[in-house]
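One structure is given here, and the rest of the page talks about it.
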4 protein chains.
Amino acid sequence: MTVRSVIKNKAMPRTPEQYEQMRQEKRRKIMDVALELFASKGYHATSVAKIAEKADISKGLLYNYFESKDDLLKEIAQVGFQEVYENLDINHDGVLTEEEFVYFIDRLIEIINKNKKFWLFYTHILMQPNVVDFVGTQLRESFVPVVQILMNYLKEEGFEDPAGELFFLSSTLKGATLQLLFSPLDFDISPVRDRIVKLYAKNTTVDHKI
Amino acid sequence: MTVRSVIKNKAMPRTPEQYEQMRQEKRRKIMDVALELFASKGYHATSVAKIAEKADISKGLLYNYFESKDDLLKEIAQVGFQEVYENLDINHDGVLTEEEFVYFIDRLIEIINKNKKFWLFYTHILMQPNVVDFVGTQLRESFVPVVQILMNYLKEEGFEDPAGELFFLSSTLKGATLQLLFSPLDFDISPVRDRIVKLYAKNTTVDHKI
Amino acid sequence: MTVRSVIKNKAMPRTPEQYEQMRQEKRRKIMDVALELFASKGYHATSVAKIAEKADISKGLLYNYFESKDDLLKEIAQVGFQEVYENLDINHDGVLTEEEFVYFIDRLIEIINKNKKFWLFYTHILMQPNVVDFVGTQLRESFVPVVQILMNYLKEEGFEDPAGELFFLSSTLKGATLQLLFSPLDFDISPVRDRIVKLYAKNTTVDHKI
Amino acid sequence: MTVRSVIKNKAMPRTPEQYEQMRQEKRRKIMDVALELFASKGYHATSVAKIAEKADISKGLLYNYFESKDDLLKEIAQVGFQEVYENLDINHDGVLTEEEFVYFIDRLIEIINKNKKFWLFYTHILMQPNVVDFVGTQLRESFVPVVQILMNYLKEEGFEDPAGELFFLSSTLKGATLQLLFSPLDFDISPVRDRIVKLYAKNTTVDHKI
DNA sequence: GATGAATGAGAGTTCATTCAT
DNA sequence: CATGAATGAACTCTCATTCAT
């Protein structure tokens with residue numbers, strides 16, 4: 001018996017606030033469990049039944065929180081992406097200094113390391129054709145400003161073919177992300193990081209910030 | 001009517017060799033069709049019925065050639081990988097010259113461009129860890145000699161941290177592969193290729209060999 | 001604030017009678033809402049959740065008023081039928097004059113027009129035999145006196161085969177009911193009504209009474 | 001072992017014709033069973049599992065023959081309706097004589113009596129809102145020529161208000177159909193039939209043709 | 001009395017796989 | 001060798017009903 005119910009010695013309905021909090025917590029739990037499974041098994045190989053079981057709820061209840069399996073996927077993508085993006089802390093307005101560039105790279109590595117599960121999930125989704133097109137779209141659109149800033153940075157640094165250079169840098173970052181995601185836990189990405197810094201922030205000391 | 005049947009104006013039993021060849025051809029057709037579908041729709045979204053239909057055979061017959069859908073997947077992975085690997089034509093014995101390194105890079109890009117379907121499939125499979133673990137293992141093992149040769153090359157070229165440099169190069173190559181696979185058809189990878197050549201084959205002209 | 005609570009500026013416990021009245025009102029509201037939905041969507045396509053929502057109560061509370069969805073259906077059928085029957089205002093005792101017969105026909109049409117929702121619901125239910133068998137029984141039993149009176153009327157009017165005539169009249173009335181229920185809103189039933197009057201109340205002017 | 005398989009003492013695949021025949025037979029069986037259940041329980045109250053069970057097949061197989069439960073319903077409606085309509089043998093071109101009108105009425109009664117299950121099904125569907133709108137549309141469209149012919153007949157017979165008369169006749173026929181469908185097996189519709197004939201084919205002997 | 005989270009049985013549907021022919 | 005009808009388990013999703021509060 002809770003305090004509320006003791007006062008009048010009578011069962012009382014939960015307040016809307018209590019319900020709301022319960023909902024949020026359970027919602028979060030379902031999303032966590034689903035992320036875990038989607039990341040490790042893939043979307044199609046993960047059944048709603050399995051998610052419900054791992055979240056200690058009935059299959060039916062899941063549909064009290066999410067409209068469909070697809071909706072669950074979208075919510076995870078959206079929330080996860082939002083968190084990641086907020087953490088990235090892009091310098092929207094000004095131009096990137098070399099220090100800021102290094103900071104950006106380090107933040108990127110840190111974010112991926114901290115959200116491996118989410119990035120695995122993301123990678124699965126992006127590789128799986130036809131699953132949720134909007135995820136890819138969302139990703140691409142969100143990175144437009146990042147790309148713009150990096151482009152300006154490369155121009156400023158005096159590269160003769162900044163567009164080509166951006167492709168190269170972009171490839172390297174994508175490849176490094178894969179390395180991080182699919183390598184053993186103790187994998188040390190710092191050589192790659194240092195090499196990037198040496199190439200694109202020549203005048204900066206390459207102290208590890210990670 | 002075939003030539004054979006005309007000669008005697010009577011159906012002659014085919015020789016065991018002919019049967020075996022027909023089997024191999026049909027097997028190959030099934031695998032081609034399945035690769036096509038797996039690559040474009042994904043493994044789970046591709047039904048055995050669809051594969052059989054596209055291969056112009058009955059569902060039942062497919063199971064005469066492959067034990068299961070999973071087995072079909074493994075066979076495709078194995079054969080496809082073998083072909084790719086044979087094409088890579090690594091200089092197993094000697095040491096890589098700068099020209100040979102550039103040739104290696106160009107071959108790599110060429111192979112990926114020529115087998116996009118297979119690489120897409122491969123990427124899907126690798127992301128779906130539990131489907132075929134052995135594929136990843138196979139991939140890693142097969143690349144051991146490649147890695148060794150590249151390592152020697154980087155040492156020879158005088159890089160102070162060849163292991164770190166290898167990580168970097170490896171990241172870049174992986175990232176470039178992704179770019180190739182998931183970009184529009186007319187995507188031009190040459191800036192990335194040129195940059196790699198400029199970094200790792202300094203004394204070589206960067207004529208496109210692709 | 002209600003008058004009662006103003007008088008003493010203090011919430012007074014409601015009397016049992018007030019509680020009972022509130023219960024009855026809520027019960028009625030639930031039944032109204034359910035009738036509306038059953039009539040427009042059908043029984044199976046109407047969820048308890050939807051009924052509760054439209055009645056502005058929780059799902060749980062609904063089960064405080066009705067044992068089950070089926071029970072709710074039965075109650076609606078019973079009450080609705082009772083109301084209709086009371087409105088029909090059959091001349092139980094005496095014999096029907098021609099004027100009274102015409103009045104009866106006009107009342108019938110009026111009742112159906114005024115309770116289309118209920119009759120639609122009723123029609124659905126009657127077609128779904130196993131849902132509530134008792135409804136049909138109830139209907140038939142309730143109409144026994146009506147049938148008796150009409151039979152007497154037809155005898156009195158001098159029809160040679162009053163039983164057969166009753167079948168015919170009954171068919172016509174049922175068919176006319178269907179027309180009324182499933183035709184557009186502006187459908188005019190008066191030709192059918194006039195024809196009935198002409199056939200069965202020959203000496204009466206056929207002024208519209210509806 | 002069949003004759004075919006004995007000849008060569010070797011299992012041979014069925015010919016396309018054999019398969020087609022098997023399919024048609026099973027298809028028909030499923031439709032019969034489904035019609036029976038839809039007619040007695042209603043569409044929503046009949047589960048695919050129940051249909052499959054009664055048809056002695058697995059649930060899955062049903063989907064080898066029909067795309068969905070809805071599709072099954074449509075097929076039943078279509079085929080059943082087609083059969084009914086073909087039997088109705090409407091005199092499309094000429095004008096109806098009194099004898100032909102009587103014949104039409106008798107055929108109508110006969111058809112309903114012979115296909116009670118189908119008409120029950122049909123009635124259920126039409127009463128159930130939102131199930132399959134196209135069924136109602138189909139019905140209405142199909143009856144346009146019938147209505148036209150009856151209208152002409154009533155004009156020819158000299159009724160002053162043929163449109164109103166048609167409404168009345170139509171109501172009567174609908175009501176009679178309900179009587180036939182929902183009355184006990186031994187129910188005798190002939191009084192209603194005779195009355196119709198007496199009203200609309202005055203100069204014709206009312207010999208029973210049923 | 002009143003809430004809505006939670007359940008669980010069952011709905012329609014899909015599909016890898018088997019098997020009589 | 002070859003067919004495709006047939007199966008059955010598993011899938012996503014719905015919903016009447018219950019129950020702690």
Side-chain angles (χ1 to χ4, degrees), chain A residues 1-2 4-6 10-16 18-20 22-23 26 44 46-52 56-70 72, chain B residues 14 19 22-23 26 44 46-53 57-65 67-70 72, chain C residues 14 19 22-23 26 44 46-53 57-65 67-70 72, chain D residues 1-2 4-6 10-16 18-20 22-23 26 44 46-52 56-70 72:
Chain A
M1 263 193 207
T2 67
R4 289 187 69 253
S5 64
V6 166
K10 193 176 158 187
M12 300 187 68
R14 292 186 184 84
T15 63
Q18 283 177 303
Y19 276 128
E20 188 53 27
M22 285 167 62
R23 274 191 82 82
K26 192 137 286 183
H44 282 116
T46 301
S47 72
V48 170
K50 201 81 185 171
I51 297 171
D56 272 323
I57 60 167
S58 65
K59 259 187 305 173
L61 188 56
L62 195 146
Y63 287 86
N64 202 318
Y65 290 91
F66 300 93
E67 282 182 9
S68 64
K69 191 185 174 187
D70 232 76
L72 173 55
Chain B
R14 291 188 184 81
Y19 273 122
M22 284 166 61
R23 258 194 90 79
K26 192 147 281 184
H44 284 108
T46 300
S47 69
V48 170
K50 200 82 186 170
I51 297 171
E53 186 195 328
I57 59 165
S58 68
K59 264 184 297 173
L61 190 54
L62 194 148
Y63 283 85
N64 202 314
Y65 289 93
E67 279 182 10
S68 67
K69 191 185 175 187
D70 232 76
L72 173 56
Chain C
R14 293 187 182 81
Y19 275 122
M22 286 166 61
R23 258 195 89 79
K26 193 148 282 182
H44 283 108
T46 300
S47 70
V48 171
K50 201 82 187 170
I51 297 171
E53 186 196 327
I57 60 165
S58 67
K59 264 183 297 173
L61 191 53
L62 194 148
Y63 283 85
N64 203 313
Y65 289 92
E67 280 182 11
S68 65
K69 192 187 175 186
D70 232 76
L72 174 54
Chain D
M1 262 194 209
T2 68
R4 287 189 71 252
S5 64
V6 165
K10 194 174 156 186
M12 300 186 68
R14 291 187 185 82
T15 63
Q18 282 177 305
Y19 275 128
E20 187 54 26
M22 286 166 62
R23 273 191 82 82
K26 192 137 284 183
H44 282 116
T46 300
S47 71
V48 170
K50 203 80 186 171
I51 297 171
D56 271 324
I57 58 166
S58 66
K59 256 189 307 173
L61 188 56
L62 195 146
Y63 286 87
N64 201 319
Y65 291 92
F66 301 93
E67 282 183 9
S68 65
K69 191 186 174 186
D70 233 76
L72 174 55

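Below, all heavy atoms of this structure are taken into account, side chains as well, without hydrogens, waters or symmetry copies. In what follows, every chain begins at residue 1, and chains take the letters A, B, ... in the order their sequences are listed.
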Check the interface with nucleotides 13-16 of chain E: list each N/O to N/O pair with the protein under 3.5 Å, or write none.
unit_1: E:dT13; atom_1: OP2; unit_2: D:Tyr63; atom_2: OH; d: 2.4
unit_1: E:dT13; atom_1: OP2; unit_2: D:Lys69; atom_2: N; d: 2.8
unit_1: E:dT13; atom_1: O5'; unit_2: D:Tyr63; atom_2: OH; d: 3.3
unit_1: E:dT13; atom_1: O4; unit_2: D:Lys59; atom_2: NZ; d: 3.1
unit_1: E:dA16; atom_1: OP1; unit_2: B:Lys69; atom_2: NZ; d: 3.0
unit_1: E:dA16; atom_1: OP2; unit_2: B:Val48; atom_2: N; d: 2.6

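Every residue two or more places apart in sequence or in another chain that forms a side chain to side chain donor-acceptor pair (under 3.5 Å) with D:Asn64 is listed here: D:Arg23.
Phosphate contact (OP1/OP2 of F:dC1, side-chain N/O of B:Arg23, threshold under 4.0 Å): present. Within the structure, a side-chain polar atom (N or O) of D:Tyr65 is placed less than 4.0 Å from OP1 or OP2 of F:dA6. Regarding contacts with the backbone of F:dA6, every side-chain N or O of D:Asn64 stays at 4.0 angstrom or more from both OP1 and OP2.
A straight line from CG of A:Leu62 to P of F:dC13 spans 9 Å, rounded to a whole angstrom. One can place CD1 of B:Ile51 at 17 Å from C1' of F:dG4, the figure rounded to the nearest angstrom. Atoms NZ (D:Lys26) and C1' (F:dA6) sit 8 Å apart, rounded to a whole Å. Atoms CD (B:Glu53) and C1' (F:dA2) sit 17 Å apart, rounded to a whole Å. The interatomic distance linking D:Glu20 (CD) with E:dT21 (P) rounds to 19 Å, in whole Å.
Note that CG of C:Leu62 and CD of C:Glu53 are 12.5 Å apart. Values are rounded to the nearest 0.5 Å. A distance of 10.5 Å separates OG1 of B:Thr46 from NE2 of B:His44, quoted to the nearest 0.5 Å. Rounding to the nearest 0.5 Å places CZ of D:Arg14 at 13.5 Å from CD of D:Glu20.
With the 3.5 Å cutoff on both pairing distances, Watson-Crick and G-U pairs in DNA chain F assemble into runs of at least 3 at E:2-21 with F:2-21.
Distance from the side chain of C:Ser58 is smallest for E:dA2 among the nucleotides F:dC1, F:dG4, E:dA2.
Using a 4.0 Å heavy-atom cutoff across all strands shown, A:Ile57 reaches sugar-phosphate atoms only and no base atom.
When all heavy atoms of C:Tyr65 and C:Lys26 are compared, the pair lying nearest together is OH-CD, 3.5 Å. Taking every heavy atom of both residues into account, A:Ala49 and A:Lys59 meet most closely at CA-CG, 3.8 Å.
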Original post:
Going through the distances and angles, do C:Ile51 and C:Leu72 end up as a side-chain contact (heavy atoms from CB on, under 4.5 Å)?
Top reply: CA-CA 11 Å; C:Ile51 297 171; C:Leu72 174 54; 4.0 Å; yes

